[in-house]
Undergrad: 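The structure that follows is given in the form of structure tokens.
Numbers restart at 1 for each chain; the letters A, B, ... are given by sequence-line order, proteins then strands.
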There are 2 protein chains.
Amino acid sequence: MNIAIDMMGGDFAPLEPVKGLKLYMQHNSAAANIFCIGDEAQVKPLLDEYGLSASNVTVIHAPEVIGYHEHPTKALKEKQRSSIAIGFHLLATGKVDAFISAGNTGAMLVGTMFTIKAIEGVTRPTIATVVPKLNGSTGLILDAGLNVDCKPEHLSQFATLGSLYAKYIIGILNPRVGLLNVGEEEGKGNVLAQATYPLLKENSSIHFVGNVEGRDLIHDKADVVVCDGFTGNVVLKMAESIYDIAQTRHLQNDEYLHRFHYENYGGTPVLGVAKPVIIGHGISSDKAFMNMVHLAAKMVETGFCSVLKEAFHEE
Amino acid sequence: MNIAIDMMGGDFAPLEPVKGLKLYMQHNSAAANIFCIGDEAQVKPLLDEYGLSASNVTVIHAPEVIGYHEHPTKALKEKQRSSIAIGFHLLATGKVDAFISAGNTGAMLVGTMFTIKAIEGVTRPTIATVVPKLNGSTGLILDAGLNVDCKPEHLSQFATLGSLYAKYIIGILNPRVGLLNVGEEEGKGNVLAQATYPLLKENSSIHFVGNVEGRDLIHDKADVVVCDGFTGNVVLKMAESIYDIAQTRHLQNDEYLHRFHYENYGGTPVLGVAKPVIIGHGISSDKAFMNMVHLAAKMVETGFCSVLKEAFHEE
């Protein structure tokens with residue numbers, strides 16, 4: 001298995017990617033071949049310093065970097081030798097099986113859509129975020145911000161994608177799908193939710209359990225919750241702010257509140273595209289990078305993208 | 001000042017309304033004339049038991065009750081002698097200055113819209129919820145669920161209504177208004193948010209500070225945050241679930257987390273209608289009822305509905 005990491009992406013790159021890789025390799029030294037894409041002069045000495053000169057760690061020199069404020073399409077086109085452009089090139093040509101970056105999110109999305117492309121049958125690839133439940137389990141909510149305006153059919157596809165992710169990556173056997181709504185009863189909601197409900201009921205590839213409300217997200221009412229990306233993004237950021245509360249109130253040692261720390265999840269995969277792409281938070285720490293490598297490895301191991309291809313081929 | 005309370009509304013009625021009134025009267029014994037609407041045979045003995053037989057507490061007998069699962073319009077029409085119907089009758093005819101109920105929310109809304117009516121110029125009355133900020137201040141978010149599908153003009157009116165509420169009721173001199181969105185920059189967002197931004201910029205009756213994200217709700221970036229009622233309802237219920245977390249994790253003594261307990265706010269006023277109507281949570285406790293009476297008194301004292309009428313008259 002070959003995994004590529006953009007060493008130049010993230011506010012604390014390349015140090016945190018290197019440290020994250022160190023954390024990963026401590027317990028998975030021979031599990032994967034890691035391709036570190038970045039400025040050789042910066043990355044190599046750090047890898048040496050952290051004892052990461054093993055034969056399964058290869059540096060791929062990228063003399064350019066796409067900055068946070070650059071225009072995604074323009075930057076990708078003009079900076080062919082940037083770490084992000086090289087990462088997508090390696091992934092598209094099959095030289096690596098997964099690509100991870102905490103760099104310019106727009107460039108990552110543009111690269112994913114135009115270089116890797118959506119799986120046939122998927123009209124809108126999506127991003128998901130995990131929500132820690134009070135009972136210890138883990139839920140998924142999607143779309144988390146990629147598709148801010150959605151149609152009912154999109155939400156139904158998110159339900160299928162999320163269910164497969166919950167099953168193969170989170171390990172939930174028969175994931176229950178809920179529709180985020182303002183009330184429990186069928187017929188509640190805005191125009192989108194009202195029109196989505198019957199589609200979810202008819203969707204034979206999911207186990208639909210009805211509407212869930214904002215308060216249900218932390219309770220164990222559904223494993224996968226679907227909504228438009230506007231609402232999902234607000235939910236995601238509110239959930240992240242629960243960790244802000246924990247820090248400010250000196251409650252971060254609480255086992256449950258600690259689970260809201262973004263670094264536990266690392267990054268979000270783009271679901272519905274042909275190959276594993278994982279996009280990290282700009283502030284990604286070593287632990288976040290470690291978890292992104294774990295996630296990439298799991299997506300490759302389980303053949304997750306092939307599972308999606310089959311599922312949408314049958315539809 | 002005359003305030004009417006539905007003694008039959010709420011899961012724990014009439015006991016909690018009576019206890020809430022007791023809490024209120026302890027410190028405000030002569031401030032208002034209270035009209036207790038409900039089944040005399042149940043309410044009178046309780047008022048006596050709690051020592052609330054003062055001359056400024058009057059029982060108005062209501063032989064009927066609208067249940068939680070009754071159809072609002074039908075029930076209001078058929079049960080003219082219900083506590084909710086009588087409450088609206090007293091308010092509409094000027095016999096009381098404000099009406100409070102934790103009963104059937106739909107019936108409360110229907111009564112408000114058809115008996116009390118929107119202020120001229122207000123196209124969509126709205127409900128708001130307060131959000132405790134980490135720095136100790138209090139923010140407002142609206143719409144909180146009354147208008148699940150909105151147009152940009154509605155959000156602009158919510159901004160005006162919310163600003164006046166923040167100024168006159170919460171006591172914030174020059175409230176900053178934010179637009180709930182998925183990013184900070186102008187141009188971000190779904191179709192609704194993108195179209196609302198320029199309207200808020202042009203709205204001369206508010207102090208618009210730009211977009212705010214889900215994580216900003218607990219930080220002090222804006223005093224009043226506007227969004228459609230679908231998103232707002234999800235936010236409201238997620239915020240309420242923060243108190244669930246506090247309880248489950250035995251952190252409810254944390255001063256900040258405790259502020260997420262719904263009973264601190266009691267109920268939500270319907271903003272943009274001609275007279276003060278306050279709708280309580282079904283599970284309203286004594287403290288919630290006490291706070292609803294306080295809120296009603298403040299809305300009457302400040303002449304809040306007249307302030308709104310003037311503001312929308314000028315527009």
Undergrad: Just wondering, are more than 12 heavy atoms of other shown residues or ligands nearer than 6.0 Å to CZ in B:Phe114?
TA: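 Atom CZ in B:Phe114 is not crowded, with 12 or fewer foreign heavy atoms closer than 6.0 Å.
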Undergrad: Please list, chain by chain and in numerical order, all residues satisfying side-chain contact (heavy atoms from CB on, under 4.5 Å) with A:Glu78, sequence neighbours excluded.
TA: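 Partners of A:Glu78 by the side-chain contact (heavy atoms from CB on, under 4.5 Å) criterion, ordered by chain and then number, come out as A:Lys74.
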Undergrad: Tabulate, in ascending numerical order, the residues of residues 136-152 of chain A having at least one heavy atom closer than 4.5 Å to a heavy atom of chain B, or enter 'none'.
TA: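 Within residues 136-152 of chain A, near chain B: A:Val148, A:Asp149.
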Undergrad: Output the distance between atom CG (A:Asn181) and atom NZ (B:Lys237), rounded to the nearest 0.5 Å.
TA: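 Between atom CG of A:Asn181 and atom NZ of B:Lys237 there are 8.5 Å.
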Undergrad: What part of B:Ala239 gets within 4.5 angstrom of chain A, counting heavy atoms only: side chain, backbone, both, or neither?
TA: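 When you check distances to chain A, atoms from both the backbone and side chain of B:Ala239 fall under 4.5 Å.
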Undergrad: At a 4.5 Å cut-off on heavy atoms, which part of A:Leu180 comes close to chain B: side chain, backbone, both, or neither?
TA: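 Its backbone and side chain both get close to chain B.
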Undergrad: Using a cut-off of under 4.5 Å on heavy-atom pairs, state which of B:Leu217, B:Val191, B:Leu236, B:Val182 scores highest against chain A.
TA: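 Highest number of pairs under 4.5 Å: B:Val182.
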Undergrad: For A:Asp216, is it the side chain, the backbone, both, or neither that has a heavy atom closer than 4.5 Å to a heavy atom of chain B?
TA: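 Neither part, no heavy atoms under 4.5 Å.
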Undergrad: Rounded to the nearest 0.5 Å, what's the gap from CG on B:Asn233 to CD on A:Glu213? Could you check?
TA: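 Nearest 0.5 Å value for the CG-CD distance: 7.0 Å.
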Undergrad: Applying side-chain contact (heavy atoms from CB on, under 4.5 Å), can you list everything that pairs with A:Lys79, at least two apart in sequence or on another chain?
TA: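 side-chain contact (heavy atoms from CB on, under 4.5 Å) list for A:Lys79, sorted by chain: A:Glu64, A:Ile66, A:Glu70, A:Ser82.
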Undergrad: Do any of residues 241-264 of chain A have a heavy atom less than 4.5 Å from a heavy atom of chain B, and if so, which, in residue order?
TA: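 The list, in residue order, reads A:Ser241, A:Ile242, A:Asp244, A:Ile245, A:Thr248, A:Arg249, A:Leu251, A:Asp254, A:Glu255, A:Tyr256, A:Leu257, A:Phe260.
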